[in-house]
Amino acid sequence: MVAKASKDAFWAALIECLIEFHHIARNDAMAQVKTLRVALTGPSGRRDTMIYHEEPFTVACRIAREPLEIEQVRPRYEKLLVRTGWSDPVTKDKHHA
């Protein structure tokens, strides 16, 4: 089970990745993420939680259809993760607990 705060942080990080690394306008990024969230909701109303085991960066690259090398932007990406609450320097994998 993934905590609501962690889920919210994941989606916030995903939106910020689309904006920062793929230069997608905030409103467009939010709409694309909303579409993905709806698509992940099954007929029973249960969400597919496997996405939370992926990096927001990787998911953003798929959404944007623009593969990027994470190593080229790692310092910026790590700051983005801390800023959005998806990761912090003390507990890197808190969202997978």
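Here the closest non-hydrogen pair linking Ala29 and Ile19 is CB-CG1, 4.0 Å. Closest approach of Ala60 to Cys17, counting heavy atoms only: CB-CB, 3.6 Å.
No donor-acceptor contact under 3.5 angstrom links the side chains of Tyr52 and Trp86, judged on distance only.
With rounding to the nearest 0.5 angstrom, the CZ atom of Arg26 is 10.5 Å from the CG atom of Leu18. If you take CZ on Arg37 and CG on Leu14, they are separated by 9.5 Å, rounding to the nearest 0.5 Å. The line from CZ of Arg62 to CG of Leu36 is 8.0 Å long, rounded to the nearest 0.5 Å.
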Next on the checklist: For a side chain to side chain contact (heavy atoms under 4.5 Å, CB included) check, start with the C-alpha distance between Thr35 and Ile63, then their side-chain angles and the critical distance, and finish with the verdict.
Outcome noted: CA-CA 10 Å; Thr35 298; Ile63 290 172; over 6 Å; no
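Phe10 pairs with exactly one of Ile51, Thr84, Leu81 by the side chain to side chain contact (heavy atoms under 4.5 Å, CB included) rule, that one being Ile51.
Ion pairing between a basic and an acidic side chain is recognised when a charged N comes within 4.0 Å of a carboxylate O; Lys79 and Glu16 show no such pairing.
Residues forming a salt bridge (Lys or Arg N to Asp or Glu O under 4.0 Å) with Asp28 (at least two apart in sequence, or on another chain): none. Residues forming a salt bridge (Lys or Arg N to Asp or Glu O under 4.0 Å) with Glu69 (at least two apart in sequence, or on another chain): none. Residues that satisfy the salt bridge (Lys or Arg N to Asp or Glu O under 4.0 Å) test with Arg76, not counting sequence neighbours, are Glu20.
Looking only at distances, no side-chain donor or acceptor of Thr58 sits under 3.5 Å from a matching main-chain atom of Glu54.
The shortest distance between side-chain heavy atoms of Cys61 and His22 falls below 4.5 Å. In this structure, the side chains of Ile24 and Ile15 stay at 4.5 Å or more apart for every pair of heavy atoms. Using a 4.5 Å heavy-atom threshold, the side chains of Val73 and Phe57 count as touching.
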